[in-house]
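If you're wondering where the values come from, they're calculated on a predicted model, not measured in any experiment. In each ligand, atom 1 is the first atom listed, and ligand 1 is the first ligand listed. What you see below is based on every heavy atom in this structure, not just the backbone, and it leaves out hydrogens, waters and symmetry mates.
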Amino acid sequence: MSFNIAVDGPAGAGKSTIAKQVAKKLSLIYVDTGAMYRAMALFMVRQGIDVENEERVIKNCKNADITIKYENGEQVVYLNGENVNGLLRKEEVSSAASKVSVIKEVREQLVALQQKLAASSDCIMDGRDIGTCVLPGADAKIFLTASSAVRAKRRYDELTAKGEECDLAQIQADIEERDFRDMNRENSPLKQAEDAVFVDSSYMTIEEVVNTIIEIAEKKRK
Ligand code: DC
């Protein structure tokens with residue numbers, strides 16, 4: 001049986017940064033499920049399919065063959081045989097991903113892939129519904145969050161460091177709007193699993209959060 005850690009939480013809570021470090025320290029693979037929704041969104045955008053047209057998305061999603069490989073310890077997403085990692089963070093793809101991810105058929109297809117990966121490898125998987133839907137039997141579950149003000153400030157610092165102009169209040173408003181959408185959608189909304197440990201990273205360093213999760217995981221592994 002493989003050992004699985006589920007990490008859920010809102011956008012910008014630091015899930016991927018933390019999960020990557022925990023993966024390295026505990027020799028697990030890191031499974032980024034958001035990247036799979038992004039790859040599905042990229043497929044639709046490329047096909048010229050309006051992601052708000054649910055019927056067309058459902059009709060076409062089976063044509064998106066999404067597979068995951070690990071190269072030099074990094075997750076690489078293949079879309080119909082092409083490495084698309086470099087294309088998944090574009091704004092257009094982020095926005096489309098949040099729309100395709102509300103569709104039940106898309107979720108079923110990607111959840112099946114996620115469950116297959118978790119069954120065959122020791123992993124830490126992050127997303128929105130991992131502890132509740134994808135891996136309800138995960139060995140350890142973490143709900144990682146931070147206040148919207150702190151998440152907005154982190155994003156603001158990231159963008160200004162890149163020389164991009166941005167408005168802190170606008171970023172916070174966008175984050176709150178996205179949280180609302182994620183928590184109130186009909187299919188697999190963002191929700192803390194009953195048996196998940198709640199970790200608020202607002203006033204913790206990355207190292208503190210990583211160590212907290214390792215402690216939780218090691219207790220479960222014994
Ligand atoms: O974590 P992320 O920003 O890369 O996720 C991209 C989109 O996919 C985001 O709108 C939330 C959605 N998502 C989801 O619905 N379920 C998951 N398990 C992971 C991501």
Heavy-atom distance to [atom]: which of [options] wins?
atom: atom 15 (O) of ligand 1; options: R38, R107, R128; value: R107
atom: atom 19 (C) of ligand 1; options: V106, D8, T33, L190; value: T33
atom: atom 20 (C) of ligand 1; options: A41, G34, S98; value: G34

Assess, by modelled atom type and distance only, whether the side chains of [X] and [Y] contain a donor and an acceptor separated by less than 3.5 Å.
X: D174; Y: Q170; value: yes
X: R128; Y: S188; value: no
X: S201; Y: R154; value: yes
X: D65; Y: Y78; value: no

Q: Considering heavy atoms of the protein only, find what lies nearest to atom 8 (O) of ligand 1 and give residue, atom and distance to 0.1 Å.
A: Y37 CB, 3.6 Å
Q | Closest approach of any protein heavy atom to atom 7 (C) of ligand 1, naming residue and atom | A | A97 CB, 3.9 Å
Q) So is K15 polar-close to ligand 1, meaning N/O to N/O under 3.5 Å? A) no
Q | ligand 1 N/O within reach of D182 N/O, cut-off under 3.5 Å | A | no
Q) What residue pairs, at least two apart or across chains, pass side-chain hydrogen bond (donor to acceptor under 3.5 Å, both in side chains) with a residue in residues 109-122? A) none
Q: Please could you name the atoms of ligand 1 that S101 approaches to less than 4.0 Å, counting only its heavy atoms?
A: 12 (C), 15 (O)
Q) Roughly how far apart are R221 CZ and L26 CG, rounded to 0.5 Å? A) 6.0 Å
Q) What part of R185 sits under 4.0 Å from ligand 1 if we count only heavy atoms: the side chain, the backbone, both or neither? A) side chain
Q. Just heavy atoms, cut-off under 4.0 Å: does M36 contact ligand 1 by side chain, backbone, both, or neither?
A. neither
Q) Are any of the side-chain nitrogens in D32 or R89 under 4.0 Å away from the carboxylate oxygens of its partner? A) yes
